[in-house]
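In what follows, a structure is listed as structure tokens, so that the remarks can point back to it.
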Amino acid sequence: MLETQDFRDFSISSWYDLFKHVSLRTFIIELPENLIEKLSTGESDIDVEDFPTDFRDNLKNALNALNRNAFVKDNWHAPTDARMFSFGNTLKVTNVEDILLYFTTSGIIQEDLSSTRGLPFCLALKKWINIHPAAEFRCIVINNVLRGVTPRDWPTYYAHFKEEGPQIIENLSQFYNENVKLKFPRKSYVFDVVLSYPDKPFVLDFGPLNSKTNLYAFSWKEIQPLLSKDVPEDMAPVFRYIESDIGIMDEGRRLK
Ligand SMILES: Nc1ncnc2c1ncn2[C@@H]1O[C@H](COP(=O)(O)OP(=O)(O)OP(=O)(O)O)[C@@H](O)[C@H]1O
Ligand SMILES: [Mg+2]
């Protein structure tokens, strides 16, 4: 069960200012009351002209500033279940109608809307970037120590992980130590990073660490006991990935 504090801390409207310099350019726009009403009653034929002018102007300005190439989320989630309504399944946003289409058809957005716990419901328009699936990692932080790293494209075999694993760990540890550690207001959480050379790593998102979180290569069963365990601060994280194209994992990579 998510606590109210979880909703607050993991909302992009809470963390974006702190991590702006290491994340994608984002415009956060509060939804007007009448749009929230239409979304919560499941109304699908929504006309953008019905909304207050300042909201429409904010949206247009944000889209223009992002060169009409954006990705949209609410405070917490992307409407990934509305992917099939987008051109090429990309969820790319090029105009206001795209945003309304994804928001009205996504069950994920509906669910977030029904559990805002009093936080203003927002849309976050982010700069669009082409992300290689092998470049996305979910990092697991337990009691302020980066303990686990998993590819988000799981379970897919990527041959280069074996050779580049140590470098990936080194880069993510450095990124965590310099930019995230003790800056995010929680002790245990997950954060998603994109590592694509020669660009600098950037944070895509933060999320709670609980039984509902997708931990990809890890299981909640093995992570949960670590929450009550203290380990040296400099303990290296485990990078777990598919080690061969027949999908066998190295038993030596168990978390201690
Ligand atoms: N700015 C962007 N440009 C292009 N693609 C993006 C962008 N942001 C995210 N994506 C793609 O969309 C996917 C889902 O985005 P994101 O992780 O932000 O969603 P989420 O709802 O927070 O997911 P989860 O529930 O797993 O935390 C990412 O894995 C990434 O591949
Ligand atoms: Mg997320």
Side-chain angles (χ1 to χ4, degrees), residues 2 6-16 19-29 62-63 65-95 98-99 102-103 105-116 119 121-141 148-156 158 172 180 184 186 188-196 199-220 223:
L2 285 185
D6 286 334
F7 282 93
R8 192 173 296 281
D9 290 347
F10 296 108
S11 166
I12 190 166
S13 53
S14 303
W15 60 258
Y16 179 65
F19 295 95
K20 204 186 234 170
H21 59 298
V22 285
S23 55
L24 293 174
R25 188 174 183 206
T26 303
F27 292 87
I28 300 169
I29 302 170
L63 275 168
L66 298 172
N67 294 324
R68 305 201 144 255
N69 243 334
F71 185 80
V72 71
K73 299 185 67 163
D74 66 21
N75 306 50
W76 304 276
H77 294 111
T80 44
D81 55 342
R83 207 182 272 285
M84 66 274 210
F85 298 111
S86 64
F87 183 73
N89 275 350
T90 57
L91 269 189
K92 195 182 268 192
V93 168
T94 60
N95 54 47
D98 289 339
I99 299 173
Y102 303 158
F103 266 48
T105 49
S106 165
I108 295 175
I109 300 291
Q110 288 293 324
E111 197 181 324
D112 282 350
L113 180 58
S114 64
S115 49
T116 56
L119 278 188
F121 196 62
C122 299
L123 63 82
L125 268 183
K126 299 181 145 198
K127 175 184 166 183
W128 173 272
I129 75 156
N130 289 316
I131 304 172
H132 191 284
E136 284 192 57
F137 300 93
R138 179 155 286 182
C139 302
I140 302 167
V141 176
V149 171
T150 162
R152 287 186 78 191
D153 187 11
W154 173 266
T156 300
Y158 289 107
L172 289 173
V180 182
F184 192 76
R186 301 293 286 251
S188 303
Y189 54 93
V190 300
F191 66 101
D192 301 323
V193 175
V194 175
L195 275 189
S196 64
D199 303 336
K200 286 197 181 135
F202 59 86
V203 175
L204 211 56
D205 201 12
F206 288 90
L209 179 58
N210 61 36
S211 59
K212 299 234 182 76
T213 311
N214 189 344
L215 299 171
Y216 303 97
F218 298 96
S219 69
W220 176 240
I223 293 294

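Keep in mind the model is a prediction, meaning the values are calculated, not measured. Whatever order the structure lists ligands and atoms in, that order sets their numbers, starting from 1. By convention here, the first residue in the shown sequence is residue 1.
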Heteroatom proximity flag, D192 to ligand 1, N/O under 3.5 Å: no
The answer for which part of R152 has a heavy atom under 4.0 Å from ligand 1 is side chain
Go through the steps for W128 and T94 under the test side-chain contact (heavy atoms from CB on, under 4.5 Å), then give the verdict. CA-CA 10 Å; W128 173 272; T94 60; over 6 Å; no
Under 6.0 Å between the ring centres of F184 and F206? yes
Give me the nearest non-hydrogen protein atom to atom 12 (O) of ligand 1 as residue plus atom name, then the distance to 0.1 Å. F71 CZ, 3.3 Å
Of all protein heavy atoms, the one nearest atom 27 (O) of ligand 1 is R138 NH2, 2.9 Å
Does D192 bring an N, O or S atom to within less than 2.8 Å of the Mg ion (ligand 2)? no
Yes or no: does D205 have any heavy atom under 4.0 Å from an atom of ligand 1? yes
Looking only at distances, can you tell me whether any N or O atom of T80, backbone or side chain, sits closer than 3.5 Å to an N or O atom of ligand 1? no
Hey, does I129 come in under 3.5 Å of ligand 1, counting only N/O atoms on both sides? yes
Taking 4.0 Å as the limit for heavy-atom contacts, which would you say applies to L24 with ligand 1: side chain only, backbone only, both, or neither? side chain
At what distance is the nearest protein heavy atom to atom 29 (O) of ligand 1, and which residue and atom is it? E136 OE1, 2.6 Å
D205 side chain vs D192 backbone, donor-acceptor pair below 3.5 Å: no
Of all N/O/S atoms in D205, which lies nearest to the Mg ion (ligand 2)? OD2
